[in-house]
Amino acid sequence: MSVTLPNRESAELAGPETIRPFRVDVPQAALDDLRRRIAATRWPDREVDPSQGVRLETIQALARYWATDYDWRSFEARFAALPHFITEIDGVDIHFIHVRSEHEGALPLIVTHGWPGSTVEQLKIIEPLTNPTAHGASAADAFHLVIPSLPGHGFSGKPTETGWDPIRIARAWVELMKRLGYERYVAQGGDWGNAVTEQMALLKPVGLLGIHTNMPATLSPEISKGVQSGAPAPEGLSPEEKKAYEILVHFFATGTGYAGEMGHRPQTLYAIEDSPVGLAAWMLDHDVASYELIERAFVGNPGGLSRDDVLDNVTHYWLTKSGISSARLYWESHLAFFDAKGVEIPVGVTVFPDELYPAPRSWAEKAYPKLIHFNTVDRGGHFAAWEQPELLSKEVRAAFRSLR
Amino acid sequence: MTMTIEAGVDIRPFQIDIPQGKLDDLRARLNAARLPTKELVPDASQGVQLATLQAVARYWATEYDWRKVESRLNGLPQFKTTIDGLDIHFIHVRSRHKDALPLIITHGWPGSVIEMLDVIGPLTDPTAHGGTEADAFDVVIPSMPGYGFSDQPTELGWSGNKIAQAWAELMTRVGYTRYVAQGGDQGATVTDAMARQAPAGLIGIHLNLLSAFPTSVGAALFGDTFAMGLVKRAIVGVIASRAEKEPEALAGIERTFRAGYIAEMNTKPQTIGYGSMDPLAMAAWILDHDPDSYAKISQAFLDGQTTGGLSRDHVLDNITLYWLTNTSTSAARLYWENFQNIVAALASGQKPPDIKVPTGFTVFPEELFRAPRSWAEKVYPNLTYFNEAPKGGHFAAWEEPQVFTEELRNSFRSVR
């Protein structure tokens with residue numbers, strides 16, 4: 001249905017701030033083209049050592065499944081059934097999923113994904129969080145959920161000018177929550193989602209009661225400097241702190257190549273735009289633990305992520321041409337990933353054991369003076385909502401209980 | 001004639017013959033490329049610009065002719081010989097002058113033997129190129145393992161050190177008992193390693209990049225403060241603390257190590273390999289080596305303005321060689337191998353052996369960083385030649401073959 005507007009001025013008035021429903025509908029030709037490209041993949045020879053990156057055997061298993069049995073339409077049907085919207089904020093169309101709980105007193109919650117994630121990561125927590133009584137929790141635990149796509153990611157618009165760093169995104173999220181009419185709400189994220197959520201907290205907008213993070217940024221300046229230069233652990237660290245320190249040293253020594261390339265030269269990654277297998281390999285190689293988890297899914301021993309989970313997310317990137325536009329966020333941001341930022345509002349922290357580093361409680365207490373929840377769970381890694389949706393849901397409920 | 005002499009049990013003549021199907025496939029892939037949105041900046045600060053890459057794609061898919069460079073290569077004496085289980089491809093051109101000095105030249109990444117084609121004439125036939133008979137060289141130009149028509153290693157260990165050992169064997173095998181070696185980029189790493197291994201017969205080296213960084217250069221420059229840790233960050237940290245001394249050169253090094261490709265290839269060469277299986281994506285990765293060569297190449301494609309030897313055809317000759325030999329991943333693995341070596345060397349705390357042979361060094365002004373003489377002297381105690389060339393950048397032999405040739409003549413004159 002088209003609406004006839006009386007004149008241009010009122011069209012503009014109705015324009016930018018309007019929230020429009022959005023329908024996900026991928027043309028068949030795009031899917032056919034994807035299959036053709038996967039089938040046309042030229043391969044390098046096998047890696048000489050497994051530590052050299054995504055193994056040939058793994059990516060070939062992925063490509064085989066992707067080009068044959070994988071069914072985007074089955075995912076699309078589920079995805080498109082959710083309430084999707086788009087609204088223009090600060091010149092960029094922001095796509096978001098907005099699911100309201102049927103429980104009156106539900107607490108509004110904005111959940112932000114990271115890289116190489118998307119709203120696809122968050123789908124499994126929608127039900128447990130909005131409909132807690134069907135998932136072993138009480139009506140008092142209900143949330144209204146807002147799950148936006150970061151600018152340059154998924155069905156959000158791609159910025160055509162520089163400046164969309166996590167600080168600007170945080171401002172946009174505050175505006176989004178305001179536009180939706182939420183006057184009291186909380187925010188959650190890991191990875192870039194944590195960076196954005198923490199920046200929201202630093203803005204201290206009216207209405208933001210507290211945040212929960214599954215990738216806390218807790219490093220003091222001394223620890224941050226030490227782990228990045230690879231200096232030996234300072235004296236006086238507890239065993240827990242020493243372990244986190246050593247994991248971080250290893251991460252900075254061997255695990256940041258992708259971030260360096262995206263941070264300095266995102267446009268050079270034509271490979272992830274031009275080649276579906278190139279994109280998949282780049283996205284699989286985020287961190288050692290999640291790579292191993294995904295690898296197991298493709299060689300027949302799935303853990304928290306299935307083959308379809310992984311390919312839903314990769315295909316979503318491919319179809320929305322988000323490879324390079326998402327990488328630009330690394331170029332835009334000048335924030336250190338793990339450094340404590342001075343968040344003063346209430347913070348809940350959940351440590352998933354296979355996350356990039358296991359944040360010690362002592363560091364979290366210093367980084368977040370109003371630490372309202374801290375828990376280390378027994379399983380899960382970087383993609384907490386995706387890998388362990390029930391567990392993350394439980395943590396989010398517990399973290400925010402005191403703020404309701 | 002040289003071919004019949006050398007084509008014995010161990011050394012086989014080699015000719016390139018790319019099936020037409022592969023060239024057709026390349027074109028089809030170029031035409032099917034899917035491109036991202038334009039970068040958000042008006043310059044190259046986000047990487048290879050869309051307009052540049054589109055110009056590359058257009059020329060590559062239409063006017064560019066691989067067969068020209070193929071016949072040029074086939075017009076040279078090319079060979080293969082198996083060393084340590086790998087077939088090594090090399091060009092070997094003897095000078096017609098009796099007392100020519102044998103010289104092995106090693107290319108780098110993202111280069112190949114194609115970088116060196118225009119110096120073969122001036123080096124082997126000096127009287128036709130402004131030199132005298134006494135300046136003549138016999139040249140050996142190998143493809144590094146994993147590069148071009150050499151085999152791709154299927155086992156670990158092919159770092160610069162091992163390649164250096166293989167080159168000494170290669171020179172022995174072709175019958176040279178007194179020779180010199182030259183290199184820039186990864187070729188400098190290999191050449192530096194040869195000099196430290198000091199095989200009998202190696203009487204001097206010349207380098208156009210202080211590339212033994214960080215192990216030997218770092219140790220020589222920064223001594224004890226060059227501590228364990230992430231190589232890149234350690235270097236940047238140390239550099240920051242010394243920046244008052246040689247600010248320009250240090251800033252150049254810092255820029256170099258900020259380039260993401262080094263860290264990615266050092267740690268995950270296989271991952272970037274999959275994307276580089278598309279020709280245009282591979283071209284972008286190769287073009288983004290350093291700001292100076294990128295700007296020159298970009299200009300050649302966008303404005304038709306060629307700097308030195310970096311013409312559209314030459315640039316695509318090199319990229320097409322990577323494509324046709326399917327070597328972008330195996331070439332990147334050399335970074336991984338060398339990184340393993342660096343980490344191991346730093347962990348052991350052992351200094352590499354000193355270099356005793358006469359060493360020449362030429363600074364090309366548009367190189368990644370302009371190494372000051374004081375640095376070259378610290379790293380190479382027997383520095384017998386040091387000069388700043390009037391022009392040229394990272395791909396010195398390719399960009400300025402005549403200048404490069406004169407530098408080699410001058411540098412090696414004293415060891416003949």
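Protein chains get the first letters and strands the later ones, always in sequence-line order, with residue 1 at the start of each.
- Cation-pi geometry between B:R34 and A:W318 is met: under 6.0 angstrom from the ring centre, within 45 degrees of the axis.
- Under the side chain to side chain donor-acceptor pair (under 3.5 Å) rule, B:T37 has a single partner from A:Q267, A:R328, A:K158, which is A:R328.
- For B:L287, no part lies near chain A; criterion is any non-hydrogen pair under 4.5 Å.
- Across B:R333, B:E155, B:E337, the residue that shares the most heavy-atom pairs under 4.5 angstrom with chain A is B:R333.
- Heavy atoms closer than 4.5 Å to chain A are found in both the backbone and the side chain of B:T271.
- The aromatic rings of A:W115 and A:Y258 sit parallel, their planes meeting at an angle under 30°, below the 60° perpendicular limit.
- Of all the listed residues (B:A32, B:A284, B:P269), the one sharing the greatest number of non-hydrogen pairs under 4.5 Å with chain A is B:P269.
- Using a 4.5 Å cut-off between heavy atoms, B:S328 makes no contact with chain A at all.
- Qualifying ring pair (Phe, Tyr, Trp, His ring centres under 6.0 Å) partners for A:F383, counting only residues two or more places apart in sequence or in other chains: A:W386.
- For the options B:E264, B:K268, B:M282, B:Q46, heavy-atom pairs under 4.5 Å to chain A are most numerous at B:Q46.
- In this structure, the portion of B:W336 lying under 4.5 Å from any heavy atom of chain A is its side chain and not its backbone.
- Across B:S45, B:A332, B:S330, the residue that shares the most heavy-atom pairs under 4.5 angstrom with chain A is B:S45.
- The aromatic rings of B:Y335 and B:Y261 sit perpendicular, their planes meeting at an angle over 60°, well past the 30° parallel limit.
- In this structure, B:H289 has its ring center no closer than 6.0 Å to that of B:Y294.
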